[in-house]
There are 2 protein chains.
Amino acid sequence: MASKPKVTIHHIAEKLNITASTVSRALNDNPRISEITKKAVLKAAKQLNYQPNNIAAALRNGKSYIIGIIVPTADRAFFASVVRGIEEIANKLNYKVIICQSYDNYEKEVQTIDALLSARVDGIIASIGKNTENFDHYKRCHEKGIPLVLFDRTTDALEVSQVVIDDYLGAYKVVEHLILQGCRRIAHFTSPKKVSVFKERLRGYTDALRDYEIPFDEELIIKSNLQLEDGRTSMEKLLALKVQPDAVFSASDYGAMGALQVLKEHKILVPTEIAIAGFGNEPFTSFSDPALTTVDQFSLTMGRITAELFFEHFKGGDTKLVPQKTVLKPELIIRGSTLRKPGRLP
Amino acid sequence: MASKPKVTIHHIAEKLNITASTVSRALNDNPRISEITKKAVLKAAKQLNYQPNNIAAALRNGKSYIIGIIVPTADRAFFASVVRGIEEIANKLNYKVIICQSYDNYEKEVQTIDALLSARVDGIIASIGKNTENFDHYKRCHEKGIPLVLFDRTTDALEVSQVVIDDYLGAYKVVEHLILQGCRRIAHFTSPKKVSVFKERLRGYTDALRDYEIPFDEELIIKSNLQLEDGRTSMEKLLALKVQPDAVFSASDYGAMGALQVLKEHKILVPTEIAIAGFGNEPFTSFSDPALTTVDQFSLTMGRITAELFFEHFKGGDTKLVPQKTVLKPELIIRGSTLRKPGRLP
DNA sequence: TTTTTCTGTTGAGTGGTTGCATGGGTAAGG
DNA sequence: CCTTACCCATGCAACCACTCAACAGAAAAA
């Protein structure tokens with residue numbers, strides 16, 4: 001290494017002929033220190049190129065001012081946006097955020113939780129991975145007394161605060177919209193995983209069909225991982241049916257995009273022959289031709305609300321917080337991929 | 001808080017009637033501790049629900065096993081991918097990664113560096129923000145003796161290792177391709193910022209024109225922030241010219257996508273009337289109609305290489321590392337938005 | 001008996017914070 | 001004018017949890 005001066009408050013203290021505690025207090029703007037001393041300390045600190053050691057402070061205080069965020073992946077627009085919302089609030093309160101990706105991998109998720117606990121973060125905000133069915137690692141947070149808030153991919157198996165959007169309502173709106181556009185045989189791409197968001201979207205789908213007296217057909221439910229490639233194969237499966245659907249509602253935008261690609265390759269007209277709708281309002285949904293109808297999840301807002309809910313834990317002192325579930329209303333974004341009757345916007 | 005047992009190695013030691021140092025060694029699998037003791041310690045640790053305190057260890061060792069990554073934004077596929085590549089290597093070596101976003105904001109970037117230094121990370125890997133023209137905060141890393149490696153958005157003003165792709169070559173290939181497709185009046189979207197990648201792409205553009213004896217026309221160079229909206233306004237500017245271009249090469253995929261949207265709205269045929277090419281191979285480039293010709297940056301590879309270069313710092317011991325610059329070769333991805341002569345793939 | 005090996009202990013140190021002194025100065029009270 | 005009380009700025013030393021160099025005691029080897 002080039003140079004490691006390792007300037008500590010002791011060096012500053014020595015230089016000024018005072019003690020480290022005074023320096024510490026001065027740096028923390030403690031009222032018990034005179035302005036003159038503070039000025040001197042600040043000046044000396046600058047001169048010596050002093051860099052505070054948060055590790056030491058964190059050890060002493062038992063508080064790191066860092067909160068951990070766990071998301072399946074940071075490159076999904078939705079999660080990136082939520083993270084941004086959280087960061088906004090956290091930074092305002094002088095907290096730093098460390099972002100960890102579980103890549104929807106259970107082991108990695110467990111490891112990450114452990115790493116964060118060992119790193120002594122002041123709290124964790126997480127969205128549960130798709131493959132996670134055991135929540136013991138999250139329970140551990142509770143045991144250690146460190147606050148946990150979940151968003152989007154949550155579970156009711158844990159007694160923690162959570163922020164979700166009304167996936168049921170979003171799905172219901174999509175399907176209702178498709179029905180109003182004249183679709184009668186609506187397929188649904190969903191996940192085989194026990195993730196609440198997908199279960200809720202499926203429920204919205206079923207209920208909308210029921211309310212409009214459209215028969216539910218099991219063969220129109222295609223389960224997959226909902227990625228682009230899955231959307232493609234799912235669509236191929238649908239096209240192989242004796243009676244093809246006249247609409248597809250995918251629980252993810254990626255799946256919908258895959259379906260759209262396949263339809264274009266098959267020269268099947270969208271939305272005239274088959275309408276397509278996704279979920280999530282990923283940015284690319286507006287770039288396709290036709291642009292994808294989808295559901296916006298107000299990700300930035302979700303991030304902010306999650307953070308606010310999270311910081312409630314620090315306000316009340318030691319009073320145990322009652323877990324709160326905040327449900328946001330999603331918004332249907334109607335675009336070309338489902339618009340069969342021009343000009344008709346509900 | 002619910003419960004804060006705060007189990008330390010001392011509790012384990014007490015329980016087993018040994019000392020804390022023995023416990024510490026046992027937990028670290030030190031050969032000087034007998035297997036029997038190790039087993040007992042591990043068992044007691046589990047029983048007591050012990051959670052190691054990395055903060056204390058880091059303070060003592062002066063090593064946190066955390067490296068900080070600074071990217072302008074984590075939600076760009078390119079950066080997300082690089083991060084993933086870095087994480088892959090880092091995790092293998094038992095390092096944790098903390099991802100920080102500068103949002104291309106200079107102040108935030110400076111703050112982040114300071115925060116990371118104070119957090120005593122073992123090193124920093126960064127991509128410089130668009131608006132950063134002063135690099136003193138990066139120099140500070142060097143002063144403190146903590147390793148720094150830059151990728152993609154780098155600068156030669158700092159004596160540090162860096163990993164970049166050959167932006168010049170990528171741009172050259174794009175423009176050459178456009179010329180071979182018969183385009184003669186090729187516009188270029190670039191950034192007004194002093195960021196090397198954009199300067200290099202511009203240079204590739206100019207050189208390709210020169211090599212093919214196509215006159216350079218200043219009015220075809222449009223400077224903007226290269227986001228979607230910028231692409232739109234830039235395209236509008238081009239359309240307002242007396243002599244419109246027959247191709248647009250945007251230094252970013254977002255800009256290209258904006259241009260494409262405007263052209264479609266104006267019912268101008270792509271690529272027949274105006275061909276469009278971007279740079280970066282963002283996933284959405286394959287979703288548009290026509291799909292966007294662009295340049296792939298091998299982001300995952302870049303992440304891996306960056307990480308490997310970074311960890312070189314730890315291998316050599318205290319020998320000062322000579323800064324190394326690794327240049328990756330980009331790949332031209334030809335898609336519909338520039339394919340005027342069917343079947344002609346170089 | 002001396003030396004080596006093995007296993008474990010002691011105690012200092014990592015950098016910063018904080019409860020409890022301390023000591024000088026000032027103001028009030030006698 | 002001299003106590004006494006009190007305040008203010010600062011010092012002292014313990015503490016946070018863990019690690020490691022140095023050391024010690026016992027058993028094994030020489």
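Per chain, numbering begins at 1; letters A, B, ... match sequence-line order.
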For dC6(C), does either OP1 or OP2 sit under 4.0 Å from a side-chain N or O belonging to S34(B)?
no

Tell me whether the side-chain N/O atoms of N28(B) come closer than 4.0 Å to OP1 or OP2 in dT19(D).
yes

When you check the side-chain N and O atoms of [X] and [Y], is any donor under 3.5 Å from an acceptor?
X	Y	value
Q51(B)	S118(A)	yes
S161(B)	Q324(B)	no
S21(B)	S24(B)	no

Closest non-hydrogen contact found for K108(B) with T112(B) is O-OG1, 2.5 Å

Quick check against the 3.5 Å criterion: does R120(B) have a side-chain atom that pairs as donor or acceptor with the backbone of P52(A)?
yes

In whole angstrom, what separates [X]'s [atom1] from [N]'s [atom2]?
X	N	atom1	atom2	result
L16(A)	dT10(D)	CG	C1'	13 Å
L59(A)	dT17(C)	CG	C1'	10 Å
E14(A)	dT10(D)	CD	C1'	18 Å
L117(B)	dG15(C)	CG	P	16 Å
H10(B)	dG11(C)	NE2	C1'	12 Å
I55(A)	dC16(D)	CD1	C1'	13 Å
Q51(A)	dG16(C)	CD	P	10 Å
I33(B)	dT19(D)	CD1	C1'	12 Å

Could you pick out which residue, N61(B) or N17(B), lies toward the 5' side of DNA chain C when each is mapped onto its nearest nucleotide?
N17(B)

Whichever of R60(B) and E35(B) has its nearest DNA chain C nucleotide further upstream toward 5'
E35(B)

Please list each protein N or O that sits under 3.5 Å from an N or O in nucleotides 23-27 of chain D, with the distance.
none

Between R140(B) and E143(B) (salt bridge meaning N to carboxylate O under 4.0 Å), is one present in this structure?
no

Below 4.5 Å, heavy atoms only, C-beta onward: do R304(A) and I86(A) meet side chain to side chain?
no

Can you list, by residue number, the residues of residues 19-26 of chain B that have a non-hydrogen atom closer than 4.0 angstrom to DNA chain D?
S21(B), S24(B), R25(B)

Cation-pi check for F314(B) against K63(B): NZ or CZ below 6.0 Å from the six-membered ring centre and within 45 degrees of the axis, yes or no?
yes

Given dC18(D), dG11(D), dG16(C), the nucleotide with the shortest approach to the side chain of I18(A)
dG11(D)

Centre-to-centre under 6.0 Å for Y106(A) and H137(A), is that the case here?
yes

